[in-house]
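Note sheet for the following structure.
All values below were derived from every heavy atom in this structure, side-chain atoms included, with hydrogens, water molecules and symmetry-related copies excluded. Here the structure is a predicted model, which means the values were calculated and not measured.
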Number of protein chains: 2
Amino acid sequence: MSAHTQSRFNSTLTSQCQNCSLSALCLPLALADEDITKLDQIIERKKPLKKGEFLFRQGDVFDSVYAVRSGTLKTFNITAYGEEQITGFYCPSELVGLSGIDSNAYPVSAKALETTTVCEIPFSHLEELSSQIPSLKHQIFKVMSRKISDDQQMMVLLGKKNADEKVASFLLNLSNRFKKRGYSATSFRLSMSRGEIGNYLGLAVETVSRVITRFQKNELIHVDGKEIEIVDLPEMQKLVGVASDCGKIAHI
Amino acid sequence: MSAHTQSRFNSTLTSQCQNCSLSALCLPLALADEDITKLDQIIERKKPLKKGEFLFRQGDVFDSVYAVRSGTLKTFNITAYGEEQITGFYCPSELVGLSGIDSNAYPVSAKALETTTVCEIPFSHLEELSSQIPSLKHQIFKVMSRKISDDQQMMVLLGKKNADEKVASFLLNLSNRFKKRGYSATSFRLSMSRGEIGNYLGLAVETVSRVITRFQKNELIHVDGKEIEIVDLPEMQKLVGVASDCGKIAHI
DNA sequence: CGTAAAATTGATTGGGATCAATGCGTGTGG
DNA sequence: CCACACGCATTGATCCCAATCAATTTTACG
């Protein structure tokens with residue numbers, strides 16, 4: 001194995017994969033201690049990004065994937081006319097940048113929605129290491145495969161769901177992600193604006209606002225600015241998926 | 001390397017990766033001959049699927065990815081109420097099944113739109129082999145990465161584009177795929193029905209039909225049932241992407 | 001052929017976009 | 001500390017694109 005990466009930023013940062021609370025999530029491995037150490041050695045902890053700063057830009061040469069440690073990122077395309085199209089939000093433990101492998105350039109930009117820290121994982125090192133640790137390679141396949149099936153769910157949402165279902169799906173999706181990393185599934189803060197939610201879901205800002213207001217009136221959620229509390233989780237879950245189709249489908 | 005797979009169906013099928021015209025596409029490798037031979041040995045050529053037959057079903061245990069050799073497949077989800085949601089169409093040289101790695105089960109069903117032949121690539125063998133051939137591993141990463149960025153383009157299409165742009169994007173996407181495998185980019189046959197196109201694009205059948213009719217009237221394409229000829233490729237390309245936003249954006 | 005599925009075409013409706021105005025919170029400089 | 005401005009969010013009014021409903025026509029197939 002090649003030498004310890006000299007340029008690491010974390011001489012003062014104590015964090016390491018061994019004692020990182022996210023390690024079971026970002027690459028959920030059953031690795032031997034020595035393997036974790038190897039993995040740990042290729043990872044660089046970067047200086048925090050402030051709100052609005054870029055992690056990488058569309059077109060940049062691909063060299064690393066990044067695991068979010070704290071904060072939130074969004075990824076987006078810029079169309080030929082400068083319009084922004086958000087393709088994803090990334091919470092702690094989630095990997096961003098995987099779509100850059102194919103073309104050797106990032107096909108999207110990644111920007112911090114709030115102060116955000118990431119672990120940089122140089123891909124060439126990761127790939128090399130994955131040759132030595134078959135379970136690591138399998139995990140990378142799994143993470144990418146998961147991303148593909150998640151994105152396909154998103155395609156279903158965009159193609160088939162109405163505004164209520166889109167917003168409900170979005171909130172429940174966030175809820176599940178917070179829950180998985182040990183936070184409350186019913187009470188959390190939205191780090192993105194209504195405009196960004198609308199952009200992501202294919203809805204106008206006004207529609208997002210109206211749906212959220214209506215959900216609150218119907219006592220499905222409680223909202224205070226960016227703070228969200230899901231009051232009636234079962235009803236929200238019923239709303240997601242096929243709710244609006246029940247009538248149509250029932251008579252088939 | 002482990003033994004030659006005994007259960008192969010291709011004792012009578014002459015096709016092998018070495019002389020398969022698609023080999024440069026399905027896993028575009030620069031492999032040494034002996035590596036190609038190894039890859040060839042794990043691949044099983046399956047009996048052709050007839051129209052309407054399943055390659056695998058949503059929920060089946062994941063064991064293989066498949067390269068389409070001839071014909072076309074669609075993948076789709078079935079919602080809780082039995083509604084079908086098409087998530088992709090697969091032409092020759094394309095790999096299907098990659099989304100099953102994560103959960104060890106296929107999250108979608110795959111069905112033949114016409115008589116279709118595939119190469120079955122048992123994933124455990126592929127993974128094992130990829131440990132021995134780093135460039136193979138890299139290619140698998142690339143194929144998955146490509147799928148992720150393609151799906152994200154599809155998300156943009158579904159979320160932001162109007163009916164004209166969706167249909168034009170769809171036709172140009174097919175055009176590019178045919179071109180890549182050496183067929184005409186301007187003249188081809190749609191193996192899917194209007195209904196399936198609409199399902200995939202998040203449009204009603206009637207809308208698909210109307211858009212296609214209008215494109216024909218405007219001499220962008222010529223249509224005869226399932227036969228499509230793209231007459232004005234530049235105009236179609238202009239239509240895709242941001243065409244309808246030009247006015248809105250221009251005055252910013 | 002004859003029948004069913006697929007495709008087309010027309011009429012009407014409706015969900016969400018757009019336009020417009022106002023409210024709210026936050027940071028900034030006088 | 002307040003006044004102001006600016007971005008973000010909400011709310012209302014109107015409009016339009018595509019869905020839906022409905023009726024044929026065309027194609028595929030046993």
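- For N199(B) and dA6(C), the CG to C1' distance is 15 Å, given to the nearest whole Å.
- For the pair K160(B) and E83(A), the salt-bridge criterion is not met [side-chain N within less than 4.0 Å of a carboxylate O].
- Here the side chain of S209(A) is nearest to one of dA7(C), dT11(D), dT20(D), namely dT11(D).
- To the nearest 0.5 Å, atoms OG (S175(B)) and NZ (K180(B)) are separated by 11.5 Å.
- Put simply, NZ on K226(B) is 8 Å from P on dA28(D), counting in whole angstrom units.
- One interatomic measurement links the two molecules: CG of L203(A) to C1' of dA17(C), which rounds to 10 Å at whole-angstrom precision.
- In terms of phosphate contacts, S193(A) brings no side-chain nitrogen or oxygen within less than 4.0 Å of OP1 or OP2 of dG7(D).
- Heavy atoms of G198(A) sit nowhere under 4.0 angstrom from any nucleic acid atom.
- Atoms CG (D164(A)) and P (dG14(C)) sit 17 Å apart, rounded to a whole Å.
- Out of dT10(D), dA13(D), dG16(C), the shortest distance to the side chain of A163(A) is found at dG16(C).
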Please tabulate, one pair per line, all N/O donor-acceptor pairs under 3.5 Å involving side-chain atoms of residues 198-213 of chain B, not counting sequence neighbours.
{"residue": "N199(B)", "atom": "OD1", "partner": "I86(B)", "partner atom": "N", "Å": "2.7"}
{"residue": "N199(B)", "atom": "ND2", "partner": "E84(B)", "partner atom": "O", "Å": "2.7"}
{"residue": "T213(B)", "atom": "OG1", "partner": "S209(B)", "partner atom": "O", "Å": "2.8"}

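- The structure places CG of L98(A) at 7.0 Å from CZ of F62(A), a figure rounded to the nearest 0.5 Å.
- Once rounded to the nearest 0.5 Å, the distance linking CE of M154(B) with NZ of K166(B) reads 8.0 Å.
- Looking at heavy atoms from C-beta onward, Y90(A) lies out of side-chain contact with Y66(A) at the 4.5 angstrom threshold.
- If you measure from atom NZ of K51(A) to atom C1' of dG7(D), you get 10 Å, rounded to the nearest angstrom.
- Atoms CZ and CG, on R189(B) and L174(B) in that order, are 13.0 Å from each other to the nearest 0.5 Å.
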Can you give me the N/O atom pairs linking the protein to nucleotides 20-27 of chain C at distances under 3.5 Å, or say none if there are none?
none

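- Phosphate proximity of dC17(D) to T207(B): absent, as no side-chain N or O sits under 4.0 Å from OP1 or OP2.
- The distance from atom CG of L190(A) to atom P of dA9(D) is 10 Å, rounded to the nearest whole Å.
- For the atom pair OG (S109(B)) and CG (L73(B)), the distance works out to 11.5 Å, reported to the nearest 0.5 Å.
- Residue R210(B) places a side-chain atom within donor-acceptor reach of the base of dT20(D), judged by atom type and a 3.5 Å distance cut-off alone.
- Between R214(A) atom CZ and dT11(D) atom C1' there is a gap of 13 Å when expressed in whole angstrom units.
- Just one of T75(B), D151(B), N77(B) meets the side chain to side chain donor-acceptor pair (under 3.5 Å) condition when paired with T87(B); it is T75(B).
- Distance, K161(A) NZ to dA19(D) P: 18 Å, rounded to whole Å.
- Among the protein residues, G195(A) comes within range of the sugar-phosphate backbone only, with heavy atoms under 4.0 Å from sugar or phosphate atoms but none that close to a base.
- The R194(A) side chain lies nearest to dA9(D) when the options are dA9(D), dA19(D), dA17(C).
- In this structure, the helix from dC1(C)-dG30(D) to dG30(C)-dC1(D) shows an angle of 40° between the axis at its start and the axis at its end, each fitted on 5 base pairs and rounded to 10°.
- Side-chain contact check for S193(B) versus K226(B): some heavy-atom pair is nearer than 4.5 Å.
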